[in-house]
Amino acid sequence: MGNPKNKTTAKEDCIVQSILQAQDLIKWYDKEKRDLAFRDIQDPYKIWLSEIMLQQTKVDTVIPYFQKWIKKYPTIKDVAKAEITDLLISWEGLGYYRRCHNFHKASKIISQEHGGQIPTSWDILIKLPGIGEYTAAAVLSIAFGKKFPVLDGNVKRVMSRFLGIKVLSVNNLKKIKKVLNLSIPAKNPGDFNQSIMELGALICSPRKPKCFKCPISSICKAALSSNPESYPKKTKKGKVPHFTLISCILKKDNLFLIHKREKNMMLGGLWELPNVKVENKLLTKPFIKKTLEKELKIKVKNISNSCTVKHSYSHFSVTMHCFNCEISNSEIILDDNYNWILKKDISKYPFSKVHHKIFNSL
DNA sequence: AAATCGGGGTG
DNA sequence: CACCCAGATTT
């Protein structure tokens, strides 16, 4: 932390003056924080799991998933022993399914190489699949009381405003990290981290920040400016493309034809109805029939409309037109990736949200 | 540095 | 609808 040159620059003086009042924040946090299911948990496994689930996901969404998961898998060894399909069912609907795959991989490593104990060192933790700088710092500070500041979206926004840093460049993020390292207390560093994140969630919100309720507004550069909301500068994103898919609800003697997606692609390991992307806007029945026959290598005797669902992903959106298909008795499937399963047992397989929309409208 | 990866919430 | 979110990983 020391400066090799024996003088401080004006910039560094400025930073040192900007140290957060950790105790004020923690005091605010103790009083105002929401009653989260993750509070008062000491088990490093549970803290780790909650941090993984909370990546890009709101607290209220996570809570029921977290509680169900803990009940089913009380320890890290239970996760290591489990089949990935069962874990995915517990993760079903939460999104970012790679988190689940990675958590499973990491649990096996911890079970086999660390005797089921969550590592307490940065260097070991950071190498585990699914653990980046945020999660490593969160686990080390919250579970083990170590002085590692977290830097997530909330913290970046709070610090951008507090320091009056508009652009979150790599260099400015380093500056923010330096202030956090100077501010984080040796006592309860995890509470310090959570207090800033909670401040970002409840007070220092992206839009319409409630500076009048903020414990540090009197020393916050953005709050003292005319437009605190303009910090940090937002990067605008282009609009997402839209795709049309047709999907085949192929039933035979109460059996659904479903397909398991490749592990390393989007929604990997989840199951789906056979579907095809189409460019053609004219969705006539002969066209649908021909397309399904060509793509699925089957002979469709009869098709009828079933339902149409729309779904938005972060980087594209889809409209999926579903068709009931009849095939002849002799016509049994396809290649190794396709399987017939019982309709009643469809809940034994994990599906993405868009398929739940379809199943709900059948 | 930028793209990828789900889903839910807000204004 | 546009935009945001308690990020990690790959390219």
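Just so it is clear: chains get the letters A, B, ... in the order the sequence lines come, proteins before strands, and each one is counted from 1. The figures here come from the full heavy-atom set of this structure, side chains too, leaving out hydrogens, waters and symmetry mates.
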| request: Determine the Euclidean distance between corresponding C1' atoms of C/dC5 and B/dG6; express it in Å to zero decimal places. | output: 12 Å
| said: Using the ring-ring contact (aromatic ring centres under 6.0 Å, His included) criterion, which residues pair with A/F316? Sequence neighbours excluded. | reply: A/F243, A/Y313
| Within less than 4.0 Å of OP1 or OP2 of B/dG7, is there a side-chain N or O belonging to A/Y97? | yes
Show the atom names and distances, to 0.1 Å, of all donor-acceptor pairs under 3.5 Å that link a side chain in residues 72-79 of chain A to residues at least two apart or in another chain.
{"from": "A/T75", "atom 1": "OG1", "to": "A/K77", "atom 2": "N", "distance (Å)": "3.3"}
{"from": "A/T75", "atom 1": "OG1", "to": "A/D78", "atom 2": "N", "distance (Å)": "3.4"}
{"from": "A/T75", "atom 1": "OG1", "to": "A/D78", "atom 2": "OD2", "distance (Å)": "3.0"}
{"from": "A/D78", "atom 1": "OD2", "to": "A/T75", "atom 2": "N", "distance (Å)": "2.9"}

| Nucleic acid contacts of residues 152-161 of chain A, taken as heavy-atom distances under 4.0 Å to DNA chain C | A/D152, A/G153, A/N154, A/R157
Which pairs, protein N/O on one side and nucleotides 9-11 of chain C N/O on the other, fall under 3.5 Å?
{"from": "C/dT9", "atom 1": "OP1", "to": "A/G130", "atom 2": "N", "distance (Å)": "2.2"}

| With no angle test and no hydrogens, is the base of B/dG6 tied to the side chain of A/S314 by a donor-acceptor pair under 3.5 Å? | yes
| For A/Q55, which residues count as a side chain to side chain donor-acceptor pair (under 3.5 Å) partner, sequence neighbours excluded? | A/T135
| said: Considering every strand and a 4.0 Å limit on heavy-atom distances, what is the contact class for A/M197: base, sugar-phosphate, or nothing? | reply: base
| query | Any side-chain N or O of A/H315 under 4.0 Å from OP1/OP2 of B/dC5? | reply | yes
| query | Do A/R261 side-chain atoms and A/E272 backbone N/O form a donor-acceptor pair below 3.5 Å? | reply | no
| query | Which salt bridge (charged side-chain N to carboxylate O under 4.0 Å, His left out) pairs, counting each pair once, include a residue from residues 121-142 of chain A, with sequence neighbours left out? | reply | A/E133-A/K177
Got a list of side-chain donor-acceptor pairs under 3.5 Å for residues 159-169 of chain A, not counting sequence neighbours?
{"from": "A/S160", "atom 1": "OG", "to": "A/I165", "atom 2": "O", "distance (Å)": "2.6"}
{"from": "A/R161", "atom 1": "NE", "to": "A/P228", "atom 2": "O", "distance (Å)": "3.2"}
{"from": "A/R161", "atom 1": "NE", "to": "A/Y231", "atom 2": "O", "distance (Å)": "2.8"}
{"from": "A/R161", "atom 1": "NH1", "to": "A/C204", "atom 2": "O", "distance (Å)": "3.4"}
{"from": "A/R161", "atom 1": "NH1", "to": "A/S205", "atom 2": "O", "distance (Å)": "2.8"}
{"from": "A/R161", "atom 1": "NH2", "to": "A/S205", "atom 2": "O", "distance (Å)": "3.2"}
{"from": "A/R161", "atom 1": "NH2", "to": "A/P206", "atom 2": "O", "distance (Å)": "3.0"}
{"from": "A/R161", "atom 1": "NH2", "to": "A/Y231", "atom 2": "O", "distance (Å)": "3.3"}
{"from": "A/S169", "atom 1": "OG", "to": "A/N172", "atom 2": "N", "distance (Å)": "3.2"}
{"from": "A/S169", "atom 1": "OG", "to": "A/N172", "atom 2": "ND2", "distance (Å)": "3.4"}

| field | Inter- and intrachain pairs under salt bridge (charged side-chain N to carboxylate O under 4.0 Å, His left out), touching residues 181-208 of chain A, at least two apart | value | A/R34-A/E198
| Phosphate OP1/OP2 of C/dG7: any A/Q56 side-chain N/O under 4.0 Å | yes
| Can you tell which of C/dA6, C/dC4, C/dG7 lies closest to the side chain of A/A201? | C/dA6
| query | Looking only at side-chain N and O atoms, does A/T57 come under 4.0 Å of OP1 or OP2 in C/dC5? | reply | no
Would you be so kind as to tabulate the donor-acceptor pairs closer than 3.5 Å made by side chains of residues 349-361 of chain A, with sequence neighbours excluded?
{"from": "A/H355", "atom 1": "NE2", "to": "A/L273", "atom 2": "N", "distance (Å)": "2.9"}
{"from": "A/H356", "atom 1": "NE2", "to": "A/E92", "atom 2": "OE2", "distance (Å)": "2.6"}
{"from": "A/K357", "atom 1": "NZ", "to": "A/K310", "atom 2": "O", "distance (Å)": "2.8"}
{"from": "A/K357", "atom 1": "NZ", "to": "A/H311", "atom 2": "ND1", "distance (Å)": "2.9"}
{"from": "A/N360", "atom 1": "ND2", "to": "A/H356", "atom 2": "O", "distance (Å)": "3.0"}
{"from": "A/S361", "atom 1": "OG", "to": "A/K357", "atom 2": "O", "distance (Å)": "3.3"}
{"from": "A/S361", "atom 1": "OG", "to": "A/I358", "atom 2": "O", "distance (Å)": "2.9"}

Side-chain donor-acceptor pairs of residues 142-155 of chain A under 3.5 Å, sequence neighbours excluded:
{"from": "A/K146", "atom 1": "NZ", "to": "A/T120", "atom 2": "O", "distance (Å)": "2.7"}
{"from": "A/D152", "atom 1": "OD1", "to": "A/N154", "atom 2": "N", "distance (Å)": "3.3"}
{"from": "A/D152", "atom 1": "OD1", "to": "A/V155", "atom 2": "N", "distance (Å)": "2.9"}
{"from": "A/N154", "atom 1": "OD1", "to": "A/R157", "atom 2": "NH2", "distance (Å)": "2.5"}
{"from": "A/N154", "atom 1": "ND2", "to": "A/M197", "atom 2": "O", "distance (Å)": "3.3"}

Under 3.5 Å, which N/O atoms of the protein pair with N/O atoms of nucleotides 1-3 of chain B?
none

Enumerate the protein-to-nucleotides 8-11 of chain B contacts in which both atoms are nitrogen or oxygen and the separation is below 3.5 Å.
{"from": "B/dG8", "atom 1": "OP1", "to": "A/K353", "atom 2": "NZ", "distance (Å)": "2.2"}

| request: For A/T135, answer base if it contacts any base atom (sugar-phosphate contacts may also be present), sugar-phosphate if it contacts only those atoms, and nothing otherwise; contact means non-hydrogen atoms under 4.0 Å. | output: sugar-phosphate
| query | So, for A/Y96 and A/W91, is the gap between ring centers shorter than 6.0 Å? | reply | no
| said: Regarding A/Y313, tell me which of base, sugar-phosphate or nothing describes its non-hydrogen contacts under 4.0 Å with the strands shown. | reply: sugar-phosphate
